[in-house]
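Just so it is clear, the model here is predicted, and its values are computed rather than measured.
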Amino acid sequence: MTTLAPPPPPAPVQDGEPRHRAEPPAGGGLAARARRLLTGAPEDPRWARPALWAILVLATALYAWNLSSVTGNTFYNAAVYSGTKSWKAFFFGALDAGSFITVDKPPFALWVMGLSARVLGYGTWQLMLPMVAVGTGSVALLYRMVKRDFGVVAGTIAALALTLTPITVAINRDTNPDPILVFLMLLGAAALMKAVRTGRLMPLVWSGVAIGFAFNTKMMQAYVVLPAFFLVYLWAARVGLGRRIRNLAVGTVALVASSAWWMVVVDLIPASSRPYIGGSTDNTVWDLVIGYNGFGRIFGAGSSVGSQGNGASFGGEAGLYRMVNEIMGGQISWLIPFALIALVGGLVLRGRAPRTDGKRAALMLWGGWFVLHYLTFALAEGTFHPYYVTAMAPGIAALAGIGAVMLYRAFVEGSAAMGVPPLERSREWGRGWVLPGAVAASAVWAVVLLQRVSGSGTLYTVAEVVVGVAGAVAVLGLLVGRFAKRRRLIGLASLAALVALLAGPAAYSVSAATTASGNGTNPTAGPNTGGGMGGGGGMGGGQRPSGSSSSSGQAMGQPPAGTGSAGDTEGAGQSQTGRTAGGMGGTQVSSEMISYLKKNQDGAAWLVAVATDQTASSIILESGEPVISMGGWSGTDDAMTLAKLKSLVKAGELHYIVISDSGQGSSNSEISTWVKKNGTAVSDYSGLYRLDASDVA
């Protein structure tokens with residue numbers, strides 16, 4: 001009789017190493033999976049899943065707190081509202097329900113919010129629900145990715161760091177497309193790492209599809225991570241080089257197809273049958289991709305393409321210092337010192353690992369994510385707004401969690417290095433200084449950031465004290481524990497280090513969640529540090545509306561007066577008077593004028609034509625009627641021509657137009673001259689003219 005040898009005992013699991021998940025008991029089915037979702041894997045520490053749920057609840061609370069104070073970006077809000085009135089406007093991402101002109105971004109984020117509004121009714125929470133969901137989802141997804149490679153502690157710290165990133169809290173409480181962009185990029189990263197681990201093709205294809213959807217959310221910004229994706233797969237995938245190259249080629253095809261399909265469809269439709277592409281110079285999506293939302297963002301107004309990219313004044317001057325300047329520092333830079341040290345230290349620690357080492361691949365991914373975004377945002381000469389950098393936050397948070405575990409292990413091993421050769425001992429002792437140095441550098445930087453806002457409120461004063469005390473306790477505790485070989489003291493000092501690193505961003509995040517936003521189109525967290533100058537849409541140019549209120553003085557999600565949409569509230573339709581029609585030489589559009597226009601619309605498809613998106617979006621949200629933006633965001637688009645205006649007037653689709661003495665560019669100067677000559681001025685409202693079919697020769 002043959003006796004089978006017993007299987008070898010499992011290798012010991014070191015602190016912070018990922019553990020293989022135990023298979024669920026046979027017959028457990030859905031109930032077992034539900035219990036596992038709530039309580040975590042059997043091999044995880046008991047505190048792990050409750051800690052994750054607490055972080056997810058915290059994230060949801062920060063992103064959803066007091067939604068009645070949220071105004072959002074009225075530019076995108078108007079486009080979402082128009083999409084609930086017209087499927088054509090929905091598909092193209094048109095600003096108005098009549099589909100005269102699109103917004104200056106692809107429409108995927110508008111589709112997500114628009115579907116929510118179509119199902120649940122147009123209102124604040126209906127538009128914000130997808131943003132809160134993807135924001136919290138990004139935290140959960142980052143936790144899962146980091147935990148898989150570096151364990152529960154690393155995943156928990158990474159999730160908490162992302163949750164408390166100030167600019168992420170601010171933008172997740174807004175209707176700009178960035179939260180959806182970040183979630184899709186993380187989905188792409190998760191699929192990529194699965195492809196690296198398994199060597200299979202389909203996860204790589206799904207990674208390309210996810211980034212393609214991200215492209216249709218914010219165009220070229222979605223591609224910032226691609227160099228890191230390609231490098232990680234080429235280096236670390238568990239298949240031969242030839243197969244790696246073939247798989248990347250197939251994944252690239254999936255990426256291109258999922259990125260380009262909407263652009264190709266739109267550009268193939270005759271211009272007469274679709275809206276003008278806002279932000280483009282030739283009425284094509286391709287021009288929008290490579291110009292206004294592409295090279296114009298990188299090279300600015302002086303570039304040969306994308307010359308509509310405006311100046312870089314919203315986040316400070318371009319340069320490597322931008323991410324830590326007085327405008328940007330408090331938004332994103334708190335953990336950058338720790339992340340940089342963690343990246344370098346982690347790569348050194350994994351330096352001799354095999355090519356397919358999962359930990360090094362993860363470090364390459366998150367390090368590339370962080371570095372590529374940092375350089376892109378810091379050096380961009382085009383329009384730059386602080387909230388763009390929320391896309392950099394997952395890389396920083398992941399490196400913080402990974403570094404905390406890897407540097408802690410190196411520190412503990414260094415303190416226990418006895419009876420080893422002198423050279424190896426010196427290496428271990430050298431590693432032992434990295435963790436205290438990283439904590440000290442990050443704590444000092446946090447104090448510097450909080451000193452910049454000294455006097456802005458008790459919250460920041462308390463945070464500064466906490467950072468200083470906890471940082472000092474952490475560094476001293478680590479050093480004393482190392483020399484005295486006190487493992488418990490090192491553990492307590494590590495907890496103090498976590499408090500020191502997160503107290504500052506926590507203060508900014510609480511402020512962002514509990515203070516009514518005065519600028520829904522350029523949201524930031526914490527006290528004002530001089531980065532104002534108005535808002536801005538996502539990688540788009542120009543200055544957005546203030547966002548302090550919609551045109552009707554109501555919360556951004558409440559429907560316009562008289563539209564009959566779900567969620568009508570008392571007081572809807574009240575408006576600030578004296579609102580400026582941006583780009584029209586100071587012409588005023590008051591609530592009284594809007595009431596007059598609605599009473600005298602006479603069956604026209606559009607209520608009025610105005611110069612820019614800012615004015616049009618405000619009127620759309622107040623009136624509930626389609627409004628023409630003749631010049632797009634900056635007033636320089638050639639969306640309206642004299643021939644097109646005459647055609648609309650002759651067909652009875654437009655009766656009113658707002659014109660100022662200054663006009664707005666050569667083509668619209670021609671329009672101004674013709675309207676003033678042939679139209680009838682409405683005496684009660686300066687700059688308003690009536691046009692009828694009889695006025696067209």
Side-chain angles (χ1 to χ4, degrees), residues 14-19 138 141-162 165 185-186 188-199 203-204 207 224-238 244 335-376 391-414 427 430-431 434-435 437-439 441-442 501:
Q14 295 181 342
D15 199 16
E17 294 283 346
R19 295 164 169 81
S138 293
L141 188 54
L142 183 69
Y143 170 86
R144 180 180 177 86
M145 292 179 68
V146 175
K147 173 182 178 289
R148 185 180 188 97
D149 291 309
F150 294 93
V152 170
V153 174
T156 302
I157 294 174
L160 185 58
L162 181 60
T165 300
M185 291 168 68
L186 281 170
L192 172 81
M193 293 306 293
K194 185 173 183 179
V196 169
R197 288 191 302 270
T198 64
L204 192 63
S207 178
V224 172
V225 294
L226 284 183
F229 279 28
F230 278 86
L231 177 62
V232 168
Y233 188 82
L234 270 176
W235 178 267
R238 295 177 180 270
R244 275 176 271 159
L335 295 177
I336 284 180
F338 194 89
L340 282 173
I341 296 172
L343 175 59
V344 175
L347 290 174
V348 170
L349 289 170
R350 307 303 298 183
R352 297 182 180 179
R355 176 185 65 81
T356 57
D357 179 58
K359 288 183 172 60
R360 184 171 56 199
L363 279 166
M364 291 169 63
L365 171 68
W366 298 120
W369 185 304
F370 163 56
V371 172
L372 288 168
H373 276 100
Y374 188 102
L375 293 176
T376 299
M392 186 165 64
I396 296 175
L399 290 174
I402 293 168
V405 169
M406 294 190 75
L407 298 184
Y408 174 84
R409 288 188 56 201
F411 179 82
V412 171
E413 290 171 0
R427 290 173 179 171
R431 293 175 185 176
V434 177
L435 179 61
V439 172
S442 298
L501 268 58

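A search for side chain to side chain contact (heavy atoms under 4.5 Å, CB included) contacts involving I157 returns V153, A404, L498, not counting sequence neighbours. Under the side chain to side chain contact (heavy atoms under 4.5 Å, CB included) criterion, R360 pairs with W235, L347, R350, A353, D357, M364, sequence neighbours left out. Listed by chain and residue number, N247 satisfy the side-chain hydrogen bond (donor to acceptor under 3.5 Å, both in side chains) test with Y233 (two or more places apart in sequence, or in another chain). By the side chain to side chain contact (heavy atoms under 4.5 Å, CB included) test, A159 is found to be paired with I55, V139, Y143, residues two or more places apart in sequence or in another chain being considered. With sequence neighbours excluded, the residues satisfying side chain to side chain contact (heavy atoms under 4.5 Å, CB included) with A228 are L372.
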task = Determine, stepwise, if the pair R197 / R148 fulfils side-chain contact (heavy atoms from CB on, under 4.5 Å).
result = CA-CA 11 Å; R197 288 191 302 270; R148 185 180 188 97; 3.0 Å; yes
task = Take L231 and L365, measure what side-chain contact (heavy atoms from CB on, under 4.5 Å) needs, and give me the verdict at the end.
result = CA-CA 8 Å; L231 177 62; L365 171 68; over 6 Å; no
task = Could you walk me through whether L363 and F150 pass the side-chain contact (heavy atoms from CB on, under 4.5 Å) test, one step at a time?
result = CA-CA 10 Å; L363 279 166; F150 294 93; 4.3 Å; yes
request  = In sequence, state the C-alpha distance, the side-chain angles, and the governing distance for L501 and V439, and then conclude on side-chain contact (heavy atoms from CB on, under 4.5 Å).
outcome  = CA-CA 8 Å; L501 268 58; V439 172; 4.3 Å; yes
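Residues P203 and T198 come closest through the heavy atom pair CG-OG1, 4.4 Å. The two residues T356 and A237 come nearest to each other via the heavy atoms CG2-O, 3.9 Å. Of all heavy-atom pairs spanning V146 and A398, the tightest one is CG2-CB, 3.9 Å. Heavy-atom minimum distance, D149 versus A362: OD2-CB, 3.7 Å.
Looking only at side-chain heavy atoms (C-beta outward), P394 and L162 come within less than 4.5 Å of each other. Taking 4.5 Å as the limit, some side-chain heavy atom of V225 sits within range of a side-chain heavy atom of H373. Side-chain atoms of L186 and W369, non-hydrogen and from C-beta on, do get closer than 4.5 Å to each other. Put simply, the side chain of L349 does not reach to within 4.5 Å of the side chain of K359, judged on heavy atoms. Counting only heavy atoms from C-beta outward, the side chains of I336 and L340 approach each other to under 4.5 Å.
K194 contributes atom NZ, which lies 12.5 Å from atom OG of S207 (distance to the nearest 0.5 angstrom). Atom CG of L343 and atom CH2 of W366 lie 13.0 Å apart (nearest 0.5 Å). Annotation: the span from M185 atom CE to L226 atom CG amounts to 8.5 Å, rounded to 0.5 Å. Going from atom CE of M406 over to atom CG of L399 covers 11.0 Å, rounded to the nearest 0.5 Å. The OG1 atom of T165 sits 9.5 Å away from the CG atom of L160 when rounded to the nearest 0.5 Å. S442 contributes atom OG, which lies 6.0 Å from atom CD1 of I341 (distance to the nearest 0.5 angstrom).
Under the ring-ring contact (aromatic ring centres under 6.0 Å, His included) criterion, no residue pair touches residues 338-359, with sequence neighbours excluded.
Although no hydrogens or angles enter the test, the distance criterion places no donor-acceptor pair under 3.5 Å between the side chain of R244 and the main chain of A236.
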